[in-house]
Each structure stands twice: as C-alpha cells, then as structure tokens.
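The block underneath contains the structure these notes are about, expressed in structure tokens.
Positions are given from 1, in the same order as the sequence printed here.
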Amino acid sequence: MTPSAPGSVHDILRLGNAFCEAQALLTAVELNLFTVLCDGPAAEPDLARLLGLHGRGLRDFLRLLVALGLLLEDDGRYRNAEVAELHLVEGRPGYVGGALLGAKANLYPLWGELTETLRTGRPRSAADGFAAMLDDPAELRRYTRMMDGALQPLVPGIVKAVDWAAHRSVLDVGGCRGDLVGQLVRSHPGLTGHVFDLPQMEPLFDEHMAELGTAGRVRFHSGDFFADPLPRADVLILGHILHNWSRERREQLVRAAFKAVNPGGVLLVHDRMIDAAHPTVDNLVTSLVMALVTEEGEEYAIGELVELAESAGFASVSRQPLDHNETLVVCRRSGEPGLRAAGRPARNQRRPEGARP
C-alpha cells in the first residue's frame, strides 16, 4: 500500500515523527500487553501490576494504542482490537510479534545511521555480526522468531501455490527452525520435509519439530548453500534468501536450485521484490534495510528473477502476489513427476542427494 503524499506542513512533521507511533507498537509487543489482554479486559492499575510498570505515562500510552486502533476502551477498561487479537497475541497462528520484536532490537537502531550508509555504501551492522549472533543462543532464538513472524502472513499463499498432493518432498533452503515445512507436512500427510541451513540452527529445529509433532517427517541438513550442493526435492523454496546477495550470487543460487529440483518439480521464490514500473514505499524501505544490514543485499526487480530462472533452465515462470508487498515467483522444471505422483517415491526422496549426513 502506498501512503498518501504529504499535503501540508503538519503532514510533513507527522511523517518525520512517525517513529514515535512505531515505537509505541513495538513497546506494547515487548511488554506482551496484547497477550495479557487476551484473557479479558483490564483497567489501568491492573495492567500496571500485571506488566510490572511504574504507572507514570501508562494512561497516555494506552490511549495512544486506542487512537492507533490496536486497543479498545470501555469505561476505563482496555481490551484488544480485533486485529491485535488476531496478530499480536503470542501463540496464536497469526502472531507476528516475533518479527516486530526483531525490528525493535535489530532494525530500529540502525535506521538512525542511514545517512552514513548512503555516504559510504557500507552497512551499519558489524561485518561479523551475523556470525556472532549464530554463536549466541539467546540472539539466535530471537532471530528465528523474527523470521517465523515475517513468514506467518505468507503461509496461506504458499500453501495455495502448489498442488502438494502431486509431490512427495519439499526443501526449505535457509529454513531456520523449519516452521514453514513443519506446517506443510502437518497439512499434507504424503509430504516429507527437509530444511537446509547452517549447523547452529539444528538444535532449535529439533526443538520446534518436537513442538509441532513433526520430528519424524522433517529432516535437517546442515551446510553452506554457496559451498555445498542442495538436497534434491520435488518442491524447493527460497524465501527471503535472494535479497541478501548481489545479482551474481542470486544467479548462483537459482542455478543451484534448478539442479536440486526433481524433474517435474517446482521452485518457489518469495521476497519483497520491486515492481520496476510501480515500486511501493514498503518494498523500497525493505531494500534500504538490506543496505543497512548486509554487505551487498537489496530487494531486486521481479523481472530480474524471471530472467535468472529462465536462463537456469526452468520451463515456465509465473508470478503472483503473496501479501500486500510480497511477490511469489513459481518456476516449474520440465519432466513428468512420474511414479512420485502415483504414490511411489523416487529412490532419492527418503534421503535427498547432496545432503550431509
């Protein structure tokens, strides 16, 4: 969605202070306010006690959340608005708080340094910051929750994009703790899931698969997708991966994906891709995020990915919206799935080729 252009000096000033409203939402999520209120309405003193707050500023904080449409107030008692009940209550299927908490902890401070990135071309996060995060269990857990939160609104569109009954295996490249694949195999009993990611993700993967009840149906493969061959699968997913890299690296990954997709299979790629003719504010903002946090990443043009997929050898390439700002590109490899579609798995589907033991 594209916000309306400022029409007055007041609009300009409000735009310049929009970070205040954002911080109110992020703080409410950090305090777990919406999860507390899912048990029922509460008055200001009760919320102060339940959330461990001093009380100063709380009334105006709650009223601001009402004005923003996140809370409702009746006779001094506050309750969640419908949208908050759906998406800001921890543990609910539509919860996006993980993504918001990640934004508060990791992205919010970096935006204050955008000027320096534009001057120097260098990201504001440390070059070894991601490696340090991988070795910090608390930070890694927060990162995976942020990835799950960003993905959650997209899952219904991904589920509808493929005839899953025609396939036997799905691989999520860079799939973190396996939340997407876990949801897919729970919904499709004939599907076997695989996740390819760095070895530090495996303990969180094992824990999450146990939580979902999918431990026996999803397998973790550790490796580096620039150094190791990808496991083979009928459906391969590159979600929020290609935007971390340069065009040359994106081309390398798309070609590796083509080799890993079984004949008759599908590659699904989703990112906040740029529509060259009609770029949106949200996607341009996201592209600047990539400049702030990666050495060479950016949100790339939809046409670029179509070109890379066709050059890699995919027989057909189509695109569709996943959400307001997310695009899904579906790349189909020629060849009949054959016996796999009839219920007899190919030899390599129980243990995908190229995977580390």
Side-chain angles (χ1 to χ4, degrees), residues 99 102 107 123 125 130 143-144 146-148 150-151 153-155 157-158 161-162 170-176 178-181 194-198 201 221 223-231 233 235-261 265-276 279-280 282-314 316-323 325-333 354:
L107 300 183
S125 55
F130 187 75
Y143 172 79
T144 58
M146 179 174 68
M147 294 298 101
D148 288 351
L151 179 67
L154 311 177
V155 172
I158 295 172
V162 173
V170 56
L171 168 71
D172 192 359
V173 179
C176 288
D179 191 63
L180 173 59
V181 171
H194 303 273
V195 171
F196 185 90
D197 214 318
L198 297 170
M201 297 289 181
H221 309 270
D224 178 342
F225 47 55
F226 286 120
D228 303 308
L230 298 175
V235 181
L236 192 147
I237 302 171
L238 289 173
H240 298 164
I241 295 295
L242 297 184
H243 68 180
N244 289 290
W245 312 102
S246 65
R247 179 187 170 97
E248 292 72 27
R249 293 275 213 168
R250 289 194 287 271
E251 181 176 11
Q252 181 181 346
L253 286 175
V254 171
R255 290 186 178 277
F258 177 78
K259 293 178 182 179
V261 174
V266 181
L267 167 65
L268 303 178
V269 182
H270 66 87
D271 269 317
R272 288 194 169 189
M273 301 174 206
I274 302 292
D275 183 333
T280 65
D282 287 344
N283 288 13
L284 294 172
V285 165
T286 305
S287 195
L288 285 173
V289 168
M290 304 315 297
L292 287 165
V293 302
T294 70
E295 293 289 328
E296 56 186 14
E298 61 182 350
E299 294 298 340
Y300 48 91
I302 299 171
E304 176 195 308
L305 179 58
V306 172
E307 179 184 331
L308 292 179
E310 291 176 344
S311 176
F314 286 98
S316 69
V317 183
S318 60
R319 67 188 232 195
Q320 62 192 66
L322 265 187
D323 201 358
N325 305 306
E326 191 96 0
T327 297
L328 176 70
V329 175
V330 181
C331 314
R332 300 187 182 277
R333 182 168 177 172

(message) Looking at every heavy atom in both Gly239 and His270, which two are closest together, and how far apart are they?
(response) CA-NE2, 3.3 Å
(request) To the nearest 0.5 angstrom, please state how far the CZ atom of Phe196 sits from the CG atom of Leu171. (result) 8.0 Å
(request) Report yes if the side chains of Leu107 and Leu292 come closer than 4.5 Å at any heavy-atom pair, otherwise no. (result) no
(request) Mind checking the CH2-CD spacing from Trp245 to Glu298? Nearest 0.5 Å is all I need. (result) 13.5 Å
(message) Checking Arg247 now: which residues fulfil salt bridge (charged side-chain N to carboxylate O under 4.0 Å, His left out) with it, not counting sequence neighbours?
(response) Glu304, Glu307
(message) Rounded to the nearest 0.5 Å, what separates atom CG in Leu288 from atom CD in Glu299?
(response) 10.0 Å
(request) Could you tell me the separation between the CD1 atom of Ile237 and the CG atom of Leu268, rounded to the nearest 0.5 Å? (result) 5.5 Å
(message) I'd like to know if the side chain of Asn325 reaches the main chain of Asn283, judged simply by a donor and an acceptor atom lying under 3.5 Å from each other, with no hydrogens or angles considered.
(response) no
(message) Could you tell me if the side chain of Leu242 sits less than 4.5 Å from the side chain of Val254, heavy atoms only?
(response) yes
(request) Hey, could you give me the CG/CE distance between Leu322 and Met273, rounded to the nearest 0.5 Å? (result) 8.5 Å
(message) Using side-chain heavy atoms (C-beta onward) and a distance below 4.5 Å, is Leu284 in contact with Ile274?
(response) yes
(message) If you compare all heavy atoms of Met147 against all heavy atoms of Cys176, which two are closest, and at what distance to 0.1 Å?
(response) CG-SG, 3.7 Å
(request) May I ask you to decide if Gly297's main-chain N or O and Asn244's side chain share a donor-acceptor pair within less than 3.5 Å? (result) no
(message) Are Phe225 and Leu230 packed together at the side-chain level, in the sense that at least one heavy-atom pair is separated by less than 4.5 angstrom?
(response) yes
(request) Please examine the side chains of Glu296 and Glu248, heavy atoms only from C-beta on, and report whether any two atoms are closer than 4.5 Å. (result) no
(message) Taking CZ in Arg255 as the centre, count heavy atoms belonging to other residues, nucleotides or ligands within less than 6.0 Å. Is the count above 12?
(response) yes
(request) Decide yes or no for Leu154 and Leu180: does some side-chain heavy atom of the first lie under 4.5 Å from some side-chain heavy atom of the second? (result) no
(request) Considering non-hydrogen atoms only, spot the tightest contact between Leu238 and Ala257 and give its length. (result) CD1-CB, 4.3 Å
(message) How long is the straight-line distance from CG of Leu305 back to CZ of Arg319, given to the nearest 0.5 Å?
(response) 10.5 Å
(request) Check the pair Asp271, Thr286 against side chain to side chain contact (heavy atoms under 4.5 Å, CB included), reporting the backbone distance first and the verdict last. (result) CA-CA 10 Å; Asp271 269 317; Thr286 305; over 6 Å; no
(request) Considering non-hydrogen atoms only, spot the tightest contact between Cys331 and Val317 and give its length. (result) SG-CG1, 4.2 Å
(request) Compare every heavy atom of Asp197 with every heavy atom of Gly174, then report the nearest pair and how far apart it is. (result) C-OD2, 3.1 Å
(message) So does Ser287 get a backbone contact from the side chain of Arg272, meaning a donor-acceptor N/O pair under 3.5 Å?
(response) no
(message) For Tyr143 versus Met201, what's the shortest heavy-atom pair and its separation?
(response) CE2-CE, 3.8 Å
(message) Angle between ring planes, His221 versus His194, binned at 30° and 60°: parallel, tilted or perpendicular?
(response) tilted
